[in-house]
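The structure under discussion appears below in the form of structure tokens.
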Amino acid sequence: MDHKPRLCIHAVSPPDIPVAAWWEKTKELTGIIDYVHIRAPEWTKREKETAIDLALKEGTAPEQLIINDEPELAAAYGLAGTHLPERRTIYPASVSWGQSIHSVEAAKKSEQEGASWLYFGHVFASDSKPGKPPNGARALKAVAESVRLPVIAIGGIDADKAAECINCRAAGVAAIAYFYDAAEPRKAAEELRTRLRSDDNEG
């Protein structure tokens with residue numbers, strides 16, 4: 001191929017954050033990242049709707065928003081889709097969906113069931129997975145090479161590790177702490193985007 005597709009960056013909402021505080025951080029990322037992923041299983045449906053409304057009101061396109069395990073909300077707002085946990089075996093028919101997977105076998109199954117993207121993790125040690133050993137870059141590469149879907153690396157991502165993931169055939173990266181624990185989220189996003197470009201990964 002003469003032109004590589006643009007590598008995508010997903011910002012995934014952290015746990016236990018109020019909607020307003022989430023948006024204060026997230027709005028600094030807009031224009032740099034590609035997808036805003038509303039995870040927040042602890043939020044009520046109304047809080048999730050408020051989060052979507054905030055993002056849309058301030059200029060985030062619906063197709064840049066992903067919401068966890070809420071196909072009805074994704075359909076109602078015309079979002080990019082909904083993201084499912086690996087345990088989910090009933091798949092939405094009305095919206096695009098992605099899934100978190102942790103093995104080649106699971107990746108192939110999701111592809112066969114009609115997934116549009118996959119998250120593979122956790123690739124590196126992550127504070128959100130304390131005590132659980134990471135799957136590693138080699139496993140990421142095996143998954144990415146086993147399917148035609150875009151595979152997004154997640155888990156312990158920072159600017160340096162993102163470049164390693166791309167070298168392992170990932171189509172992009174997703175991060176939580178890298179953005180939301182940063183003193184300057186926008187600067188963190190810019191560093192990540194620059195690093196992906198600097199290794200000539202974006203064609």
Inset, instruction - Any chance you could lay out the side chain to side chain contact (heavy atoms under 4.5 Å, CB included) test for Ile67 and Ile52, step after step, and finish with the verdict? - result: CA-CA 9 Å; Ile67 190 162; Ile52 295 170; 3.9 Å; yes
Inset, instruction - Give the intermediate values and the outcome of side-chain hydrogen bond (donor to acceptor under 3.5 Å, both in side chains) for residues Gln99 and Ser110. - result: CA-CA 7 Å; Gln99 192 160 28; Ser110 293; 2.7 Å; yes
Legend entry - Evaluation steps, side chain to side chain contact (heavy atoms under 4.5 Å, CB included), between Ile157 and Cys165: CA-CA 9 Å; Ile157 300 297; Cys165 291; 3.8 Å; yes
Inset, instruction - Would you check, one step at a time, whether the test side chain to side chain contact (heavy atoms under 4.5 Å, CB included) holds for His10 with Ile33? - result: CA-CA 6 Å; His10 296 228; Ile33 66 166; over 6 Å; no
Inset, instruction - Let me see the working for Ile38 and Ile66 under side chain to side chain contact (heavy atoms under 4.5 Å, CB included), right down to the final yes or no. - result: CA-CA 6 Å; Ile38 299 170; Ile66 296 170; over 6 Å; no
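Ion pairing of Asp69 with Arg87 is absent here, as no side-chain N (NZ or NE/NH1/NH2) approaches a carboxylate O to less than 4.0 Å. With respect to Asp53 and Arg46, a salt bridge is recorded, a charged nitrogen being found less than 4.0 Å from a carboxylate O. Salt bridge annotation for Lys27-Glu24: present, with a cationic side-chain nitrogen under 4.0 angstrom from a carboxylate oxygen. The residues Glu70 and Lys48 are annotated as salt-bridged, a charged nitrogen and a carboxylate oxygen being separated by less than 4.0 angstrom. We find that Glu105 and Lys109 are not joined by a salt bridge, their nearest charged nitrogen and carboxylate oxygen being 4.0 Å or further apart.
With rounding to the nearest 0.5 Å, the separation of CD1 in Ile17 from CZ in Arg39 is 13.5 Å. Note: Glu113 CD to Trp97 CH2 = 6.0 Å, rounded to the nearest 0.5 Å. Here the OG1 atom belonging to Thr30 is positioned 8.0 Å from the CD atom belonging to Glu58, to the nearest 0.5 angstrom. Taking CZ from Arg193 and CG from Leu7, the interatomic distance works out to 7.0 Å, rounded to the nearest 0.5 Å. Here CG of Leu84 is found 10.0 Å from OG1 of Thr89. Values are rounded to the nearest 0.5 Å. In this structure, Leu56 CG and Leu65 CG are separated by 5.5 Å, a value rounded to the nearest 0.5 Å.
Looking only at side-chain heavy atoms (C-beta outward), Pro134 and Val123 stay at 4.5 Å or farther from each other. By the 4.5 Å heavy-atom criterion applied to side chains, Trp43 and Asn68 are not counted as neighbours. Between Val151 and Arg169, the closest side-chain pair of non-hydrogen atoms is not below 4.5 Å. Considering only heavy atoms from C-beta on, Val36 stays 4.5 Å or farther from Val12 through its side chain. Side-chain contact between Cys8 and Ile152 is present, with heavy atoms from C-beta onward closer than 4.5 Å. Side chains of Glu63 and Leu79 form no contact here, defined as non-hydrogen atoms less than 4.5 Å apart. When side chains are defined from C-beta on, Val19 counts as touching Leu54, because their heavy atoms get closer than 4.5 Å.
Checking Tyr180, Tyr119, Trp22 one by one against His37, the ring pair (Phe, Tyr, Trp, His ring centres under 6.0 Å) holds for a single residue, Tyr119.
Remark: Lys161 qualifies as a cation-pi partner of Phe124 under the 6.0 Å distance and 45° angle criteria applied to the six-membered ring.
Closest of all the heavy-atom pairs between Glu86 and Ala106 is OE2-CB, 3.0 Å. For the residue pair Ser96 and Ser116, the shortest heavy atom distance occurs at CB-OG, 3.8 Å. Residue Asp16 comes nearest to Glu42 through the heavy atom pair N-OE2, 2.7 Å, listed as atom of the first residue, atom of the second, then distance. In this structure, Ala40 and Ser13 approach most closely via the heavy-atom pair N-OG, 3.4 Å. Here the shortest heavy-atom pairing between Pro92 and Thr82 reads CG-CG2, 4.0 Å. Heavy atoms only, all atoms of each residue included: Leu196 and Ala163 are closest at CD2-N, 4.1 Å.
The local environment of OH in Tyr35 is sparse, with at most 12 non-hydrogen atoms from other residues, nucleotides or ligands closer than 6.0 Å. More than 12 heavy atoms of other residues, nucleotides or ligands shown are found within 6.0 angstrom of CZ on Arg186.
The main-chain N or O of Gly121 is found under 3.5 Å from a side-chain atom of Asn135 such that the two form a donor-acceptor pair.
Using the six-membered ring where Trp is involved, Trp117 and His83 have ring planes that are parallel, under 30° apart on the 30 and 60° scheme.
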